[in-house]
K.L.:
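Starting off with a structure, shown below.
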Amino acid sequence: MENLTTYLTQERDQEWRTEIRAKIKLKERTLKLRVKMNEVDPDIRNKNSVEVNSGLTVDQALLEAQRCVDCIDPTCITGCPVGINIPKFIKKIEIGDFLSAASVLKETNTLPAVCGRVCPQEKQCEAQCYYTLKLKKEPVAIGYLERFAADYEQNSGKMSIPEVEKSNNLKVAAIGSGPASLAWAADMAKFGYDVTVFEALHEIGGVLKYGIPEFRLPNTVVDVEIESLREMGVKFITNFIVGRTASFEDLRTQGFQAFFVASGAGLPRFMDIPGENYIGVFSSNEYLTRVNLMNAANPEYDTPVMSGKNVAVIGGGNTAMDAVRTAKRLGAETSRIIYRRSLNEMPARVEEVKHAMEEGIEFLNLNNPLEYYADENGRVNRMKVQKMELGEPDSSGRRSPVPIEGSEYFLDVDTVIVSVGVSPNPLIPACLSDLKVSKWGTIIVDKETMQSSIPDIFAGGDIVRGGATVILAMGDGRKAAAGMHQYIAEKVKK
Amino acid sequence: MNVVVEKIFFSEKVAKLVIQAPEIARSRKAGHFVIVRVDKFGERIPLTIAGANIEKGTIDIIVQEVGVSSSKLCKLNAGDTILDVVGPLGKATHIEKVGTVIAAGGGVGIAPLFPIVEAFKKAGNRVITVLAARNKDLIILEDQMRQFSDEVIVMTDDGSSGKKGLVTQGIEEVIAREKVDLAVAIGPAVMMKFAALTTKKYDIPTLASLNTIMVDGTGMCGACRVSVGGETKFVCVDGPEFDAHKVNFDEMLFRLSAYQKQEVEAFQSFLNK
Ligand SMILES: Cc1cc2nc3c(=O)[nH]c(=O)nc-3n(C[C@H](O)[C@H](O)[C@H](O)COP(=O)(O)OP(=O)(O)OC[C@H]3O[C@@H](n4cnc5c(N)ncnc54)[C@H](O)[C@@H]3O)c2cc1C
Ligand code: FES
């Protein structure tokens with residue numbers, strides 16, 4: 001910790017930083033208003049898959065960067081799960097050196113263009129910003145600026161490919177290709193390993209591809225990053241399910257020294273209420289996979305999707321927001337969120353809720369489904385809903401919802417999307433009897449090294465945390481890379 | 001990319017494809033399936049691995065032309081490639097020596113039944129195979145089945161091959177004359193439903209292999225869910241085989257028809273292309 005503080009101070013004392021700080025008076029900086037993100041009009045964007053946020057212009061980014069006062073004690077960094085040197089990258093933007101700003105991001109974050117779009121900044125860096133904490137004003141738009149710098153680099157055609165050490169000819173593999181795995185792969189490639197990433201699906205990217213929709217995270221943004229990993233020598237093998245297509249033992253025989261399990265929290269949860277298996281009731285994973293991975297909304301593709309007129313999405317997370325907004329885009333006349341707590345408790349990113357409201361999504365908060373009904377063909381046509389009120393805080397600190405007796409009512413629906421959470425993917429634990437897992441099915445690891453109960457197996461991301469976030473998954477990937485590097489060094493010495 | 005090594009037509013609409021997939025060939029067991037996506041536009045569809053050759057690194061799949069994706073597959077020839085093949089998926093059939101086994105296959109369910117018949121025979125069971133279909137052309141793999149069955153009974157709706165009648169009649173015939181320890185039924189959902197009702201009368205343990213709609217095949221989406229003994233199960237990871245007496249076939253029949261309208265329309269426009 002002390003080292004970090006010293007390092008940050010040294011960086012802050014560099015001449016260019018001191019100079020740019022002195023250019024504008026502190027008072028003047030704090031009087032500027034937070035930039036507004038450029039967005040596509042809600043009535044246009046809710047009919048297609050165009051990206052909702054169009055990013056900041058150069059002028060906007062320069063102005064917003066000036067708001068950052070370059071604090072002596074940059075509390076924002078403590079809010080960032082991967083510890084990005086936030087003031088440094090923002091000041092690089094202020095001096096107009098956008099490519100250097102992107103390099104600063106990449107020192108600790110493999111996928112800044114992704115994180116700039118999907119991180120819950122309002123709970124992380126921006127919650128710890130000087131403006132939020134001390135001035136009680138809107139925080140510096142750190143997320144927007146992160147995206148600005150990362151996009152600038154992607155569009156510049158001058159993507160910096162990180163240097164990799166001389167090959168050490170040691171083979172390592174990741175299971176799954178989501179953010180945890182991509183972050184791990186980048187570090188392992190830098191260390192000089194021969195890196196292979198195995199993915200069960202036909203696309204690389206995990207949730208970034210099959211879950212998060214195009215209007216929030218365009219596939220091309222993810223593909224650029226995957227391409228740069230390829231250039232660093234990382235091999236991607238799709239349609240390969242570790243534990244099925246080949247066992248860990250097979251892979252060990254092929255010379256793999258260690259494994260990073262990042263297989264995600266793919267198993268959708270249902271509520272176990274009557275009628276949940278009627279036609280037209282889906283998990284959000286199925287709905288989003290059909291649209292995002294299989295292109296079902298495009299008539300050129302063979303996979304079908306039901307585009308209902310009356311859609312109800314159960315849940316209040318990012319996944320629920322993605323599903324309900326997708327349904328709207330596929331032509332739903334009413335698309336509703338049904339959430340059992342209130343707006344304050346919603347786990348979704350604040351920006352997604354705001355965007356959903358602008359797009360005409362109805363919110364039935366403090367409502368909970370009890371039962372579904374179907375027509376003679378088995379297609380859902382009605383649901384019974386109960387109203388809720390907030391009681392005492394539960395173990396998660398959120399006030400828990402309590403049903404209001406006698407408040408039941410019926411809603412007409414033709415499509416229901418259940419988005420009440422996911423459980424860890426059981427494929428890997430099921431094929432390794434020595435692997436220690438928690439009662440929730442998550443893999444138990446050492447918090448520092450991410451090593452599991454089997455020495456050559458490391459794990460991170462949602463398979464360790466349950467459904468979490470992109471940035472936490474990436475942080476795990478980096479820790480696991482460091483832990484694995486040390487483990488292999490010792491193993492090879494012996 | 002997986003190369004098609006060989007194609008054999010069993011009937012006008014049923015073809016066997018031998019495809020290059022060395023890892024799957026090595027890992028697969030009876031009862032396993034693969035998910036196949038024929039080209040960039042294709043759906044992900046589940047198909048049982050009907051056989052494998054480890055030396056040649058190939059697996060066999062049997063496809064019946066019913067919709068766009070299966071037609072695209074049936075149109076492939078030796079030398080063509082399939083974009084994605086992933087597996088082996090599902091739980092393998094639990095094979096042991098139980099005594100006498102009735103293996104009942106209906107229509108395209110005959111293909112997935114074949115590796116199971118072979119495995120039960122090799123485990124030392126007496127295997128009586130009942131093959132049923134609408135007509136003679138849809139009875140496939142009869143000779144191969146004979147190789148691993150003590151007896152093969154063929155039933156057709158129109159009497160064009162074997163006896164005229166339904167699969168259940170064939171099953172009843174066997175039960176009437178000898179003690180049966182286990183039944184395995186694979187075919188259209190209605191056929192499995194009635195096969196299960198038949199064996200239930202005699203308390204014969206029965207397995208059904210369910211062919212629900214799937215997307216990923218890895219437990220990620222729940223498209224394949226069915227109710228078994230009142231509990232929701234995912235066919236791709238918990239199955240595909242279940243205790244047939246506990247499966248809610250009526251619910252499964254409904255769910256199978258979910259995309260019927262879209263499928264018929266898509267198939268029509270595909271045929272008109
Ligand atoms: C719709 C949706 C929206 C979200 N929105 C946000 C957001 O806005 N912000 C945010 O921070 N987080 C969001 N999340 C959560 C975030 O996406 C996850 O926390 C993160 O992707 C987890 O990363 P991961 O690398 O652990 O796993 P995943 O991204 O889940 O990737 C795991 C991969 O492993 C593969 N796999 C599994 N088993 C095997 C095997 N045996 N062999 C080979 N491959 C295997 C899977 O197919 C999958 O591709 C969202 C999630 C969803 C579903
Ligand atoms: S096919 Fe998706 S869970 Fe079974």
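Every chain is numbered from 1 and lettered A, B, ... according to where its sequence line falls, protein lines coming before strand lines.
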K.L.:
Are the side chains of B/Thr232 and A/Glu276 in touch, meaning some heavy atoms are under 4.5 Å apart?
P.N.:
no
K.L.:
So which part of A/Val305 gets closer than 4.5 Å to some heavy atom of chain B, the side chain, the backbone, both or neither?
P.N.:
backbone
K.L.:
Which one wins on heavy-atom pair count under 4.5 Å against chain B: A/Ala374, A/Ser284, A/Ser283, A/Ser247?
P.N.:
A/Ser283
K.L.:
Just so I understand: if I count every heavy-atom pair under 4.5 Å between each of B/Arg28, B/Arg225, B/Lys40, B/Glu251 and chain A, which residue has the most?
P.N.:
B/Arg225
K.L.:
Would you say B/Arg44 and A/Leu201 make side-chain contact, with heavy atoms under 4.5 Å?
P.N.:
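B/Arg44 reaches A/Leu201 side chain to side chain.
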K.L.:
What part of B/Ile213 gets closer than 4.5 Å to chain A, counting heavy atoms only: side chain, backbone, both or neither?
P.N.:
side chain
K.L.:
Is it the backbone or the side chain of B/Glu23 that comes under 4.5 Å from a heavy atom of chain A, or both, or neither?
P.N.:
both
K.L.:
Quick one: does any side-chain atom of B/Arg37 pair with a main-chain N or O of A/His202 as donor and acceptor, under 3.5 Å?
P.N.:
no
K.L.:
Got a second to check how far B/Leu89's CG is from A/Ile241's CD1, nearest 0.5 Å?
P.N.:
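Going from the CG atom of B/Leu89 to the CD1 atom of A/Ile241 covers 4.5 Å.
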K.L.:
With respect to chain B, which residue among A/Ala296, A/Pro268, A/Gly280 yields the maximal number of heavy-atom pairs within a distance under 4.5 Å?
P.N.:
A/Pro268
K.L.:
Which atom pair, heavy atoms only, marks the closest approach of A/Pro304 to B/Glu43?
P.N.:
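Closest heavy-atom pair between A/Pro304 and B/Glu43: CD-OE1, 3.8 Å.
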K.L.:
For chain A, which of B/Ser27, B/Ser69, B/Gly217 has the most heavy-atom pairs under 4.5 Å?
P.N.:
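Looking at each of B/Ser27, B/Ser69, B/Gly217 in turn, B/Ser27 comes out on top.
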K.L.:
Restricting to non-hydrogen atoms, name the atom on A/Asn285 and the atom on B/Cys221 that form the minimum distance, rounded to 0.1 Å.
P.N.:
CB-CA, 4.1 Å
K.L.:
Are A/Leu267 and B/Phe234 side-chain neighbours, meaning at least one heavy-atom pair lies under 4.5 Å?
P.N.:
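Yes, their side chains come closer than 4.5 Å.
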K.L.:
So for A/Glu203, is it side chain, backbone, both, or neither that comes closer than 4.5 Å to the heavy atoms of chain B?
P.N.:
neither
K.L.:
Check A/Asp302 against B/Gly42 and note the closest heavy-atom contact, atom names and distance.
P.N.:
OD2-CA, 3.5 Å
K.L.:
Do the side chain of A/Arg244 and the main chain of B/Pro88 share a donor and acceptor less than 3.5 angstrom apart?
P.N.:
yes
K.L.:
Which heavy-atom pair separates B/Ala258 from A/Ile279 by the least distance, and what is that distance?
P.N.:
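Minimum heavy-atom contact is CB-CG2, 3.6 Å.
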K.L.:
Under a 4.5 Å heavy-atom cut-off, does chain A meet the side chain of B/Arg255, its backbone, both or neither?
P.N.:
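Both backbone and side chain.
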K.L.:
Show the nearest heavy-atom pair for residues A/Tyr210 and B/Met220, with the distance to one decimal.
P.N.:
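Distance-wise, the nearest heavy atoms are CE1-SD, 3.5 Å.
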K.L.:
In Å and rounded to the nearest 0.5 Å, what is the CG to CZ distance from A/Asn298 to B/Phe41?
P.N.:
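It comes to 8.0 Å.
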K.L.:
Any carboxylate oxygen within less than 4.0 angstrom of a Lys/Arg side-chain nitrogen, looking at B/Arg26 and A/Asp250?
P.N.:
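No salt bridge links B/Arg26 with A/Asp250.
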K.L.:
At a heavy-atom separation under 4.5 Å, does A/Tyr278 approach chain B through its side chain, its backbone, both, or neither?
P.N.:
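For A/Tyr278, the contact with chain B is made by the backbone alone.
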K.L.:
Of the backbone (N, CA, C, O) and the side chain (C-beta and beyond), which part of B/Ile35 lies under 4.5 Å from a heavy atom of chain A, both, or neither?
P.N.:
neither
K.L.:
Picking from B/Asp216, B/Val237, B/Ile24, B/Val85, which has the most non-hydrogen pairs under 4.5 angstrom with chain A?
P.N.:
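Winner by heavy-atom pair count: B/Val85.
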K.L.:
Just wondering, are more than 12 heavy atoms of other shown residues or ligands nearer than 6.0 Å to NZ in A/Lys171?
P.N.:
yes
K.L.:
So, do A/Thr303 and B/Val215 sit near enough that their side-chain heavy atoms are less than 4.5 Å apart?
P.N.:
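Of all side-chain heavy-atom pairs linking B/Val215 with A/Thr303, none is under 4.5 Å.
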K.L.:
By a 4.5 Å heavy-atom criterion (distance strictly below it), what part of A/Thr245 contacts chain B: side chain, backbone, both, or neither?
P.N.:
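Looking at A/Thr245, backbone and side chain both touch chain B.
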K.L.:
Whether the A/Asn277 and B/Ser227 side chains hold a donor-acceptor pair (N or O, under 3.5 Å, no angle test) is what I'd like checked.
P.N.:
yes
K.L.:
Once rounded to the nearest 0.5 Å, what's the spacing between atom CD1 of B/Ile82 and atom CG of A/Asn239?
P.N.:
11.5 Å
K.L.:
Is chain B contacted by the side chain of A/Arg379, its backbone, both, or neither, given a heavy-atom distance below 4.5 Å?
P.N.:
neither
K.L.:
With a 6.0 Å cut-off (strictly less than), is the heavy-atom count around CZ of A/Arg252, excluding the residue itself, greater than 12?
P.N.:
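Enclosed.
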